[in-house]
Amino acid sequence: MQANASLPIESIRTPLLTALKQERSFVLEAPTGSGKSTQVPQFLLDSQCIPKDQVIYMLQPRRIAARMLARRIAWERGGKPGEEVGFHVRFDRVASAQTRLMLVTEGILLRKIFADPSLQGVGAILFDEFHERNLYSDLSLAMARQVQHQQRSDLILGVMSATLESDAIRNFLEPCAHLKCEGRTHPVEIHYTAPPNSRPPTPIWESAAQAFRQSVRSGETGNHLIFMPGAMEIHRTIRAIEAMPESKGFELHALHGELPPELQDAAIDPGKRPKVIVSTNVAETSLTIPGITVVIDSGLARIPTYDPRRGVNSLLVQPISQSSASQRAGRAGRDAPGTCIRLWSKSHHHQRPPHETPEILRVDLSETLLMLHASERVAVESFGWFEVPNPEQLQHAQTVLRDLGAISGSLPRITALGQRLAEFPMHPRYARLFIEASQRECLQLAAFTAAMLQDRSILLPLQHRNEMQIRLESLSDEETHDSDVLMELKAFLIAKQANFSTDRCRELGIHVGAARAAVRASEQFLQIADRQGLAIEPLHRSDWFAFRKCLFLAFSDSLARRLDQGTLRCALAHGKKGTRRRESAVDAEWFVSLEMEERQVKGSVQVLLGRNSSVQPEWISQWFPDQIQTCETAYWDPWQKRVRQTRSVQFREIEMESKEIAEIDEEVAANLIAREVIEGRLKLKAWNHRVEAYIERINFVAHHFPEYEIAPITASDRITLLEQVCYGALTEKALQAVEILPTIQEWLRAEQQALMDDCAPEHLETALGKLKVRYESTRAILSARIQQLYDLSPIKIAGRVPVVYEILAPNHRPVQVTDDLDAFWSSSYPAIKKELKGRYPKHEWR
Ligand code: ADP
Ligand code: MG
């Protein structure tokens, strides 16, 4: 049981315990296998730094790692999980009153912190595997830091990882001890199997099996660890390897979170024969598997990502980063030099991102934001994020929550409905759908719909138009009419009744695998609904019509209105535009879209609206009366060349109805014209350079001669002046007749007007004759050729404001603008003279 005495991590035991006497936070970087997860919590348990009646929480992002580490640590301390060492993961808690070390997953830890914001009885929280940067780890760290800061200065916070960008964390946890420990590693030889620039061959499990065969044929007899993105790929890989004669003599093991614990343990425990372990990225850094000599890496992982198509977060198979790949390779070099076979090409490797993007920057934050709003202890506006999300992400989440009715107010606060939605362990959109559906006897339909939305599509894509016609005719009836969602639901239920027989599914165009997965998902949704006390109707009683209203309420942020009959273009809520998918069966003018896909078309983004369901416009006024606004909009009609005005009724910026108003509001019209002129869309003959020059002169005098109390003309004054001159002129003809200069002159009183020729003269009499002055941004600019300036003595306007000289070459091109002529003669002039004299030898050059 002294398996741990010689682990590299021993070297940091004393420095860590010493540091904790000063600082209550630490960051620990040490390679995989050095003993972080198994030893560090024991260092704390066996020291004086935490009172004996307090518990240490250690976060493990993966359920399987939490359970296995609990088992290992308990064993090292001569006990069993549930005694001194326990664990708590979703659906499984093994702990007792004696438990002092608790291994937990992120959801559990986060809920614990929200439930008890003073963390009574918790002495330390260790964030293991922090480099994974899952959303809930980030949030838990931020919350725990707030607790430590505000009320628990004794709480120990530790962040541990094999591969960490530690500076940001140290700054966040300041004052914070920083510990590092070297591990023992052996060189790993890397091979790429794919030819340069080729895509990885498919299916990936076939390539992995081929790589295994090559490895055995080349004489490898040790343990092989194969990384695959998920359970499905793992089982296919095992089947492919089993079929090969090379697999003889090896034990084959799967390792992933869905397996029963006995099989997980069997995969890790030493066996009698060499092993082939096919694992998800749980074996990347979380679990130590001894004696691996060959790693075969698919280079893929299921990564939680925002899927903009469905507006939800989901696990998508994606290429891993370079840093993940090097961690995976490292698993082959723990005990002796090893080999890693990468099933991609070297050139592709270099195109991969160096690190994974933290989840908080990748996913939809509606659920998270609602959780923060629901907590009394958190001020959402000033929340101390560890990594601050993008403003657009927060904005989007806020719009979703607002549209769902979960938050309201200009400084948003949670509503009673929002509190209720926050109790559901799911996206608030689905929580809303379920609550509404349970009140309208269609919760079963809601659960199936939510389950179907987990997958891309249960209905296979249609190839031909007539195929679509046939399918639609067989599915469209009174219940499903004008709703893709309900038709899909109907097809699914018909197939389910036929027990997903291959024939029936083919007829309906249903994907059997996806449909079966949806049945399982719907059962989980119903369980959650049941636990939340929602009424569930028998399926044959489900109210299909009422369910449309529920879809409207849960997806009202993606409400669309067809712009015309001829095209598929639509106006979307909040001023966006979209296009209904051609294959959608929904003909209604108003509908909600449950699947929006953003697509790049010729440089701009097009939003395609699919999985639609029709909406009756009266539902809008029925449910959202206070979000319906009437606005009057004036616009310039470029064809009729006149101002027109409409009065429209809008819901979240989508026009519901609009009427032209015959009696145009002259004030609104004047404002419109002023803006059109200022923004350059409408030319007003009378607003010419003389007007501009006069304004500049006024501003010059206002600035330099404050004693005359002239107000400068600002940008908004210009609009006011324009409004004034355009007032009542609604057509182009009337506008071209207006006079402006007199209105501008009226800005000044008569005696002020008389000052203008003194304080901002248009011309100056000089020894060289009359020179024109130009006024610009409170400067008076005198343009003159070099030759005119030779004998000029300094000039001041009204004896006060020195002019700025725009010095011109003989061809009248400016060579310099300066307010200091002397400096010009002594510094720039000699070089300019040299150049210009060559070009204009006939002019005088002094
Ligand atoms: P780290 O967290 O730094 O990656 P661990 O604390 O998980 O390291 O493991 C430290 C060492 O303990 C490993 O190198 C291994 O020798 C041993 N070990 C850990 N878990 C097990 C296990 N389940 N079975 C056998 N040995 C284990
Ligand atoms: Mg570890």
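Every number for a ligand or one of its atoms is a count from 1 in the order of the listing.
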Would you mind running through ligand 1 and noting each atom that sits below 4.0 Å from a heavy atom of [X]?
{"X": "T32", "value": "4 (O)"}
{"X": "P31", "value": "3 (O)"}
{"X": "L7", "value": "10 (C), 11 (C)"}
{"X": "K36", "value": "1 (P), 2 (O), 3 (O), 4 (O), 6 (O), 8 (O)"}

Is there a polar contact, in the sense of an N or O pair closer than 3.5 Å, between [X] and ligand 1?
{"X": "S37", "result": "yes"}
{"X": "R71", "result": "no"}
{"X": "S34", "result": "yes"}
{"X": "L69", "result": "no"}
{"X": "G33", "result": "yes"}

Side chain to side chain contact (heavy atoms under 4.5 Å, CB included) with C49: which of T18, L16, L44?
L44
Single hit among I320, V317, N281 for side chain to side chain contact (heavy atoms under 4.5 Å, CB included) with L300
V317
Could you walk me through whether E129 and Q60 satisfy the side-chain hydrogen bond (donor to acceptor under 3.5 Å, both in side chains) test, starting with their C-alpha distance in whole Å, then the side-chain angles of each, then the deciding distance to 0.1 Å, before giving a yes or no?
CA-CA 7 Å; E129 301 287 311; Q60 279 298 321; 5.6 Å; no
I9, T288, D128: member with heavy atom nearest to atom 9 (O) of ligand 1:
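The residue whose heavy atom sits nearest atom 9 (O) of ligand 1 is T288.
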Shortest protein heavy-atom distance from [atom], along with the residue and atom involved:
{"atom": "atom 8 (O) of ligand 1", "value": "G35 N, 3.1 Å"}
{"atom": "atom 5 (P) of ligand 1", "value": "T38 OG1, 3.6 Å"}
{"atom": "atom 14 (O) of ligand 1", "value": "R334 NH2, 2.5 Å"}

Measure the acute angle between the ring planes of Y192 and H349, then classify it against the limits of 30° and 60° as parallel, tilted or perpendicular.
tilted
Suppose we only count N/O/S atoms under 2.8 Å; would T32 qualify as near the Mg ion (ligand 2)?
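It does not: T32 brings no N, O or S atom closer than 2.8 Å to the Mg ion (ligand 2).
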Counting only heavy atoms not in R90, do more than 12 sit closer than 6.0 Å to its CZ atom?
no
Should we say atom CD of Q120 is surrounded by more than 12 heavy atoms from elsewhere, each under 6.0 Å from it?
no
Validation row, ring centre H256 to ring centre H235 under 6.0 Å:
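H256 vs H235: aromatic centres under 6.0 Å.
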Kindly state whether the ring of F424 and the ring of F525 have centres lying under 6.0 angstrom apart.
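No, they do not, as the ring centres are separated by 6.0 Å or more.
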Ligand 1 contacted by R72 (non-hydrogen, < 4.0 Å)
yes
So, does R67 use its side chain to make a donor-acceptor pair with the main chain of R63 at under 3.5 Å?
no
Measure from the side-chain N and O atoms of N223 to the backbone N and O of P274, and report whether any donor-acceptor pair falls under 3.5 Å.
no
